[in-house]
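What follows is a set of notes on a single structure, which appears directly below.
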Number of protein chains: 2
Amino acid sequence: MEAISPSKSLVDKTYGALLDAICTGEFRPGQRLGQDEIAERLKVSRQPVNSAIAMLRAQRFVIDTGRRGVEVAPVDAKLFESIYQVRGAIEPLAVELATPRLSPGSITRGREIVARGTRLMHANDARGVLQADIDFHTLIYELSGNEIITDMMQLNWGHLRRSMGEVLRFPGMTLQVWKEHKAIFKAMSEGSASVAADLMRQHIVNAPRRVASGTAPAVSSL
Amino acid sequence: MEAISPSKSLVDKTYGALLDAICTGEFRPGQRLGQDEIAERLKVSRQPVNSAIAMLRAQRFVIDTGRRGVEVAPVDAKLFESIYQVRGAIEPLAVELATPRLSPGSITRGREIVARGTRLMHANDARGVLQADIDFHTLIYELSGNEIITDMMQLNWGHLRRSMGEVLRFPGMTLQVWKEHKAIFKAMSEGSASVAADLMRQHIVNAPRRVASGTAPAVSSL
DNA sequence: TTCATGAAATTCGTATACGAAATACGAAAT
DNA sequence: ATTTCGTATTTCGTATACGAATTTCATGAA
């Protein structure tokens, strides 16, 4: 016999649905989120909606507006910059920690992700490429064995996904990204932790620069 | 005119009360948290309690136990180590960012905190020393201008406070801590960002070592 | 026409109610 | 005496109800 059904709670499902809608841009920045409306759309009562919104507020995905509910937080250039400063410190650490823990199975998984990202990039599947990007970095977080890194960065990727909605339309720019991913993982596979960490550091430094150079008018909003 | 009363919601107050009770050790690890009991003790209904617990669960302060509510998460040595790995990367970054942003006012504030910490240490006020420690590092987070660092580390300090409950009884060990704090802030005041960052890096490396060496039998539980 | 004023309608926060699921406990059978 | 099964109790998740506060809209005065 084995486990029956995880069947998450309505609060979790509501939270996930709202977070996804915010990150994909289905809910625009500044848009008001009414509890009644959401409850009706999701076919649940206001109670799970209220709890989910409380979490989103604690995580800065929505902000309070005076006394009448919340609205979707603006896509903030400062927040974007802050996250990249943090990534610049955390991602190399994750690589250092993960490299000596690599198993044959995880090497296979990593190569699959790199291959998938490269393939989807050539197929101009912007959304798929972003997902592969998230998968690549998340794999390293998990391999690091440091659950704090995993938790922190999962939240941060939520914010990043919002900003990257704008960048998604320039798949060509991600060619260099996937070359770098490949090089990073190669160094990790060979056990060269510090080399891989340096490559990752450079990768993170390059990333916001790419965003800024590729999106002429959108720059100011990032 | 200005704001009338912040008057936080019951959810926030409940969350704060529970978090504090967990961090100070008033709620022991493994202890079951019944919603009814908490609601009665705090003189609120179960609804805010339920929301608050959902947040604490997302932040790993409590864990699910089968189908019957939650219990206080164990004080986990692995989590402690993970946080220190992250701190080793984040704290020097915060110092680098904060140093060029120091104002005369913030220099005064920093010196006050160092003085207070040193004074309370000599007065054997362990709890006050811990608070000063938190204040010192939090000041740097805020001066860094990076709100992600502030948010992340505030959560982490919640977990750290739990572990440090054990260490509090050895105030003598904090002598070196406050010497290092003083040196770090001195370098920052002089604008030597990279020197200060290196001192901070060493400070974080030393910290868990101090904990391990000072608490003979308690080591295994950390 | 424009601004002020007040009543009606929204909408949120919190309390209470209800149903489902798990535990605890006791009775009966081996 | 021990184990097993059924029932009562506890407790959580979710729905609904209620009160307070704000917004909206209409009505009237300058």
Side-chain angles (χ1 to χ4, degrees), chain A residues 1-22 27-74, chain B residues 1-22 27-74:
Chain A
M1 299 285 282
E2 57 148 285
I4 315 297
S5 74
S7 168
K8 295 201 294 185
S9 72
L10 287 187
V11 175
D12 288 338
K13 286 196 246 186
T14 303
Y15 170 83
L18 291 178
L19 181 60
D20 206 59
I22 291 172
F27 289 165
R28 306 303 306 173
Q31 181 177 340
R32 263 202 64 229
L33 296 186
Q35 299 188 352
D36 277 315
E37 183 196 339
I38 294 169
E40 191 170 5
R41 271 218 256 178
L42 267 52
K43 307 292 183 202
V44 298
S45 78
R46 264 184 48 225
Q47 156 62 19
V49 176
N50 192 317
S51 285
I53 285 180
M55 293 194 198
L56 291 170
R57 182 172 39 211
Q59 298 164 355
R60 298 184 188 267
F61 287 104
V62 302
I63 55 180
D64 271 319
T65 65
R67 211 40 170 118
R68 198 62 167 270
V70 299
E71 63 184 37
V72 178
Chain B
M1 298 288 281
E2 57 148 287
I4 313 298
S5 70
S7 170
K8 294 202 294 184
S9 71
L10 287 187
V11 176
D12 288 339
K13 285 196 246 186
T14 303
Y15 169 85
L18 291 178
L19 181 60
D20 206 59
I22 291 172
F27 289 166
R28 304 303 308 172
Q31 180 176 344
R32 263 200 67 229
L33 296 186
Q35 299 188 352
D36 276 316
E37 183 195 337
I38 294 169
E40 191 170 2
R41 270 218 255 177
L42 268 53
K43 306 294 182 201
V44 298
S45 78
R46 264 184 49 225
Q47 153 64 20
V49 176
N50 192 315
S51 285
I53 285 181
M55 293 195 203
L56 291 170
R57 183 170 38 211
Q59 297 164 355
R60 297 182 187 266
F61 287 104
V62 302
I63 56 180
D64 272 319
T65 64
R67 216 51 167 110
R68 197 67 166 269
V70 298
E71 63 183 38
V72 178

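Chain letters run A, B, ... following the sequence lines, proteins first, then strands; residues in each count from 1. Any value given below was found using the heavy atoms of this structure, including those in side chains, with hydrogens, waters and symmetry copies removed.
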Close N/O contacts between protein and nucleotides 20-26 of chain D (under 3.5 Å):
from: D:dT23; atom 1: O4'; to: A:R68; atom 2: NH1; distance (Å): 2.7

Item to check | CG-CG distance between A:L33 and A:L56, expressed to the nearest 0.5 angstrom | outcome: 8.5 Å
Item to check | For the student: nearest non-hydrogen atoms of B:R57 and B:D64, plus distance | outcome: NH1-OD1, 3.0 Å
Item to check | Any residue of residues 51-63 of chain B with a heavy atom less than 4.0 Å from an atom of DNA chain C | outcome: none
Checklist entry - In whole angstrom, what separates B:R32's CZ from D:dT11's P? => result 6 Å
Next on the checklist: Using OP1 and OP2 only, check whether a side-chain N or O of B:Q35 sits under 4.0 Å from D:dG13.
Outcome noted: yes
Item to check | ring-ring contact (aromatic ring centres under 6.0 Å, His included) partners for A:F27, two or more places apart | outcome: none
Item to check | Between D:dT11 (C1') and B:I38 (CD1): distance, integer Å | outcome: 12 Å
Item to check | Check: A:T14 side chain, A:L18 main-chain N or O, donor-acceptor pair, under 3.5 Å | outcome: no
Checklist outcome for this item: side-chain hydrogen bond (donor to acceptor under 3.5 Å, both in side chains) filter on A:R68, not counting sequence neighbours, yields none
Next on the checklist: Rounded to whole Å, how long is the line connecting atom CG of A:D36 with atom C1' of C:dC12?
Outcome noted: 9 Å
Item to check | Smallest separation among heavy atoms of A:M55 and B:A54, with atom names | outcome: CE-CB, 3.4 Å
Item to check | Footprint string (nucleotides 14-20 of chain C, 5' to 3'): B base within contact, S backbone only, - free, heavy atoms under 4.0 Å | outcome: BBB----
Checklist entry - For B:G69, does its backbone N or O pair with a side-chain atom of B:T65 as donor and acceptor, under 3.5 Å? => result yes
Item to check | Sequence neighbours excluded, every pair satisfying ring-ring contact (aromatic ring centres under 6.0 Å, His included) that has a member inside residues 29-61 of chain A | outcome: A:F61-A:H159
Checklist entry - In dot-bracket, 5' to 3', how would DNA chain C read with Watson-Crick or G-U wobble pairs under 3.5 Å, [ ] for crossing ones and | for pairs to another strand? => result ||||||||||||||||||||||||||||||
Item to check | side-chain hydrogen bond (donor to acceptor under 3.5 Å, both in side chains) involving B:R32 - partner list, sequence neighbours excluded | outcome: none
Item to check | Whole-Å distance separating the NZ atom of B:K13 from the C1' atom of C:dG13 | outcome: 12 Å
Checklist entry - Partners of A:P29 by side chain to side chain contact (heavy atoms under 4.5 Å, CB included), sequence neighbours excluded? => result A:V75, A:R162
Mind listing the side-chain donor-acceptor pairs of residues 40-49 of chain B below 3.5 Å, one per line with the distance, residues two or more places apart or on another chain?
from: B:S45; atom 1: OG; to: B:Q47; atom 2: N; distance (Å): 3.3
from: B:R46; atom 1: NE; to: B:Q35; atom 2: OE1; distance (Å): 3.1
from: B:R46; atom 1: NH2; to: B:Q35; atom 2: OE1; distance (Å): 3.3
from: B:Q47; atom 1: OE1; to: A:Q47; atom 2: NE2; distance (Å): 3.0
from: B:Q47; atom 1: NE2; to: A:Q47; atom 2: OE1; distance (Å): 3.1

Next on the checklist: Test of understanding: with side-chain hydrogen bond (donor to acceptor under 3.5 Å, both in side chains), list the residues that count as partners of A:D20, not counting sequence neighbours.
Outcome noted: A:R161
Next on the checklist: Test of understanding: with side-chain hydrogen bond (donor to acceptor under 3.5 Å, both in side chains), list the residues that count as partners of B:Q59, not counting sequence neighbours.
Outcome noted: B:Y15
